[in-house]
Protein chains: 2
Amino acid sequence: MTVTLADVAARAQVSPATVSRVLNGNYPVAASTRERVLKAVDELDYVLNGPASALAAATSDLVGILVNDIADPFFGIMASAIQSEIGGPGGRAGGERLAVVCNTGGSPERELTYLTLLQRQRAAAVVLTGGAVENEPHAAAVAAKLTKLTDAGTRVVLCGRPPAPDTGAIALTFDNRGGGQRLTEHLIGLGHRRLGYIAGPEERTTTRHRLEGHRAALAAAGIEEDPRWTVWGRYDRQAGYEATLELLRRDPSLTAVVAANDSVALGACAALRESGLRIPEDVSVAGFDDLPFSVDAVPALTTVRLPLAEAGARAGRIAMGREEPPPGGIATVGGELMVRGSSGGPRG
Amino acid sequence: MTVTLADVAARAQVSPATVSRVLNGNYPVAASTRERVLKAVDELDYVLNGPASALAAATSDLVGILVNDIADPFFGIMASAIQSEIGGPGGRAGGERLAVVCNTGGSPERELTYLTLLQRQRAAAVVLTGGAVENEPHAAAVAAKLTKLTDAGTRVVLCGRPPAPDTGAIALTFDNRGGGQRLTEHLIGLGHRRLGYIAGPEERTTTRHRLEGHRAALAAAGIEEDPRWTVWGRYDRQAGYEATLELLRRDPSLTAVVAANDSVALGACAALRESGLRIPEDVSVAGFDDLPFSVDAVPALTTVRLPLAEAGARAGRIAMGREEPPPGGIATVGGELMVRGSSGGPRG
DNA sequence: AGCGTCACAGCAAGCGCTTTCTATACGGTA
DNA sequence: TACCGTATAGAAAGCGCTTGCTGTGACGCT
């Protein structure tokens, strides 16, 4: 049998109410009584029953963080930043909040399942990171769920994800389109005219926005795009490797490869090298995100830096109600072009 | 006001008990009744109250995963694997379990705090990943906490962490010592005699074990170690970069650098390159873990592959009671030496 | 001396669900 | 027809905590 509040109360010779108040520190208790209670708590090794407490108080100290892929540093960095802003003081009982990271694996169903689970647990806040899936029924289902969450008083923040209108969710959106555009403009400025593009999973907003930026830059420069120049794949190294091989097969005259993100770019580099091509002399490569390892690639990766940690921290603070949400509930976070060794003028 | 079980019951014209039984599916309910209830649930958008359910049933579907640094793929990969084994069916109510990842940031206090929080929530299981801190009072406190958790019926699994004797916790330990030893043996076999070592944070078991393996290999080869050859730092790229510069300053004649892990090794490579040294012609470099990016380094990193995903998956299954714990509650998971381009014979 | 004020402490009513035990209806059997 | 097993539904007692409200002395004021 576990120790309950009542046991502590008995031992300290006070009522359960008093013990609760000592533990929560939200009601005046005489110092001597408090001490007696704390002593009893200590002696009995009492641990509060979370569910009971949450039930009675109708609140919980859970904060959910949804990520697409926990093994990907892109999400890890954001999650870490969010969590660092949540762990601290601010809530009930001295304010330790349990920040939980939920890995959806990019699956819409799991996303919904986790949202329901968090709703069940009456989470204090939920932060959704990364791109959304562009699938009408699913998007509607998520929007409905988010609305219900915000209605129930749960603060919902989207970090690196497009706004969800009319759901009450605060959005911190990455300017993927603008970043993609500037990146390709840079390449075009170097003289490239034949650019391959390795896109991410087709149904993701992030994928679409980055690609749109790329195409906008192409269009602005009057470059007509060849459909063979775009290949779709996952957001990982392996996909980049394979896609690059495919790109090379389709059109060996490409002088640059733009990847959906840094991991993909790394795979692209590997494929190019194995094909006997030099970077950037033969082919330039560009990534996106500027993850920590990108600067260590050889040559270092030209990419777009997204302030993942900063955005995550801000999302965390907003989720905790410690920072004002942006006006209109929407803020756009820009990316910064990082020109490094992997991009140069085209050969010849 | 949120919808409660009673509301659903009223709408379906049955008792709350029946609704509960339909939802949990653990008691015979006539098909027609079940349908009526499900319809009401649907119409009212009813969501079970997690805390209330957990309180009444005296169980919870929370599973905690503790990691040192969620932004580090080393932990991300393990967490991902653990979680993938936990999400599935197996528990109450169709069995969705909420796997929560808690980021301790390597801090002993946060580790304890999280364990307490999980204990409060009456977690079904807890998996602790990564090396432990070697600090007597803290280790004792953690051991006591783990004992209490296992006593309370929570399954505790250590993944990539040394065993915690007499706590009831199951341990899946990485053979860091053996891996470190084989790695250094490989370097010695290539002819290296002057090896720098970049160790991780001093108080971690992982750090100590890897270093012990390194030294064992040195000793076996009759190489006397120079204290200047060991530098300590964090487990990240930056630390590796700085440590390598320091190593070079202390003894420019080193022909190999062994790093505490792959991230550190990447930093080491950067520092060497910037110092005008070629890898592996001038200096060989070796890492540990074989994270996904390691094969993409140029040259590809010689390292020790740890089966993070496999070990994590196994830990997850054990935590869920779906796999027998190893005999004695302890299993050692070996590493595999991956010889790649970053190691070669010493110059001259 | 009489009374309003404080500062504390306790009582008791839930919070929303699960589950044991009991009630009922039905069909079959003797 | 009387009886009993089976299948299903309901009543009600909590699970362990929080909190609004109700004392109850002690103190200071007029």
Side-chain angles (χ1 to χ4, degrees), chain A residues 1-38 40-41 44-62 91-94 117 119-122 152-153, chain B residues 1-38 40-41 44-62 91-94 117 119-122 152-153:
Chain A
M1 202 42 215
T2 49
V3 181
T4 72
L5 235 208
D7 299 332
V8 176
R11 172 140 198 151
Q13 316 231 55
V14 296
S15 73
T18 301
V19 177
S20 170
R21 299 204 258 246
V22 168
L23 261 24
N24 288 300
N26 52 9
Y27 194 86
V29 172
S32 63
T33 313
R34 186 201 323 288
E35 253 175 57
R36 212 148 24 95
V37 169
L38 291 177
V41 164
L44 294 176
D45 254 333
Y46 171 68
V47 177
L48 189 71
N49 182 317
S53 168
L55 172 59
T59 68
S60 128
D61 43 15
L62 265 188
R92 296 180 311 123
L117 248 27
Q119 195 182 359
R120 267 204 203 344
Q121 302 300 327
R122 305 299 189 253
Chain B
M1 202 43 214
T2 51
V3 181
T4 70
L5 233 209
D7 299 332
V8 176
R11 172 141 198 151
Q13 317 231 52
V14 296
S15 72
T18 301
V19 177
S20 169
R21 299 205 259 246
V22 168
L23 261 24
N24 288 299
N26 53 7
Y27 193 86
V29 172
S32 63
T33 313
R34 186 200 326 286
E35 254 174 57
R36 212 147 24 95
V37 169
L38 291 177
V41 165
L44 295 177
D45 254 333
Y46 170 67
V47 177
L48 189 71
N49 182 316
S53 168
L55 172 60
T59 67
S60 131
D61 43 15
L62 218 61
R92 297 180 314 122
L117 248 27
Q119 194 183 0
R120 266 205 203 347
Q121 301 300 327
R122 306 299 190 252

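Throughout, a chain's letter reflects where its sequence line sits, starting with A, and its residues are numbered from 1. These figures come from a predicted structure and were not determined experimentally.
- Going from atom CG of B/Leu55 over to atom C1' of C/dT18 covers 10 Å, rounded to whole Å.
- When all heavy atoms of A/Pro16 and A/Ala9 are compared, the closest pair comes out as N-CB, 3.6 Å.
- Between B/Arg120 atom CZ and D/dG16 atom P there is a gap of 16 Å when expressed in whole angstrom units.
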Using the 3.5 Å cut-off, write out each protein N or O paired with an N or O of nucleotides 23-25 of chain C and the distance between them.
none

Write out a two-atom table: protein N or O, nucleotide N or O from nucleotides 7-13 of chain D, distance below 3.5 Å.
| unit_1 | atom_1 | unit_2 | atom_2 | d |
| --- | --- | --- | --- | --- |
| D/dA9 | OP1 | B/Thr33 | OG1 | 2.2 |
| D/dA9 | OP2 | B/Ala30 | N | 3.1 |
| D/dA9 | N6 | B/Tyr27 | OH | 2.8 |
| D/dG10 | OP2 | B/Ser15 | N | 2.7 |
| D/dG10 | OP2 | B/Ser15 | OG | 3.2 |
| D/dG10 | OP2 | B/Thr18 | OG1 | 3.0 |
| D/dG10 | N7 | B/Arg21 | NH2 | 2.8 |
| D/dG10 | O6 | B/Arg21 | NH1 | 3.4 |
| D/dG10 | O6 | B/Arg21 | NH2 | 2.9 |

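- Atoms CG (B/Leu48) and P (C/dC15) sit 16 Å apart, rounded to a whole Å.
- For A/Ser20, the listed nucleotide lying nearest its side chain is D/dT18; candidates were D/dT18, D/dC15, C/dC15.
- The interatomic distance linking B/Gln121 (CD) with D/dC17 (C1') rounds to 13 Å, in whole Å.
- Between A/Thr33 atom OG1 and A/Gln13 atom CD the span is 11.5 Å, to the nearest 0.5 Å.
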>> Before you tell me yes or no, could you show the steps for B/Thr4 and B/Asn49 under side chain to side chain contact (heavy atoms under 4.5 Å, CB included), namely the whole-Å CA-CA distance, both residues' side-chain angles and the distance that decides it to 0.1 Å?
In response: CA-CA 8 Å; B/Thr4 70; B/Asn49 182 316; over 6 Å; no
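- The distance from the CG atom of A/Leu55 to the CZ atom of A/Arg122 is 10.0 Å, given to the nearest 0.5 Å.
- For B/Arg11, the salt bridge (charged side-chain N to carboxylate O under 4.0 Å, His left out) partners are B/Glu43, not counting sequence neighbours.
- The CG-P distance, from B/Leu5 to C/dC17, rounds to 4 Å in whole Å.
- OP1 or OP2 of D/dT19 sits under 4.0 Å from a side-chain N or O of A/Asn26.
- Using a distance-only test at 3.5 Å, with no hydrogens or angles considered, a donor-acceptor pair links the side chain of A/Arg34 to the main chain of A/Val29.
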>> Set out, in order, the CA-CA distance, both residues' side-chain angles and the distance that settles side chain to side chain contact (heavy atoms under 4.5 Å, CB included) for A/Asp61 and B/Gln121, then state yes or no.
In response: CA-CA 10 Å; A/Asp61 43 15; B/Gln121 301 300 327; 3.9 Å; yes
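- An OP1 or OP2 oxygen of C/dT18 is reached within less than 4.0 angstrom by a side-chain nitrogen or oxygen of B/Asn24.
- We find that CG of A/Leu23 is positioned 15 Å from C1' of D/dT19, with the value rounded to whole Å.
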>> Working note: B/Tyr46 + B/Leu5, criterion side chain to side chain contact (heavy atoms under 4.5 Å, CB included); need CA distance, chi angles, decisive distance, verdict.
In response: CA-CA 8 Å; B/Tyr46 170 67; B/Leu5 233 209; 3.8 Å; yes
> How far apart are the C-alpha atoms of B/Val19 and B/Val22, what are their side-chain angles, what is the distance that settles it, and do they pass the side chain to side chain contact (heavy atoms under 4.5 Å, CB included) test?
Replying inline: CA-CA 5 Å; B/Val19 177; B/Val22 168; 5.7 Å; no
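- At D/dT18, one or more side-chain N or O atoms of A/Ser53 fall inside 4.0 Å of OP1 or OP2 (strictly under the cut-off).
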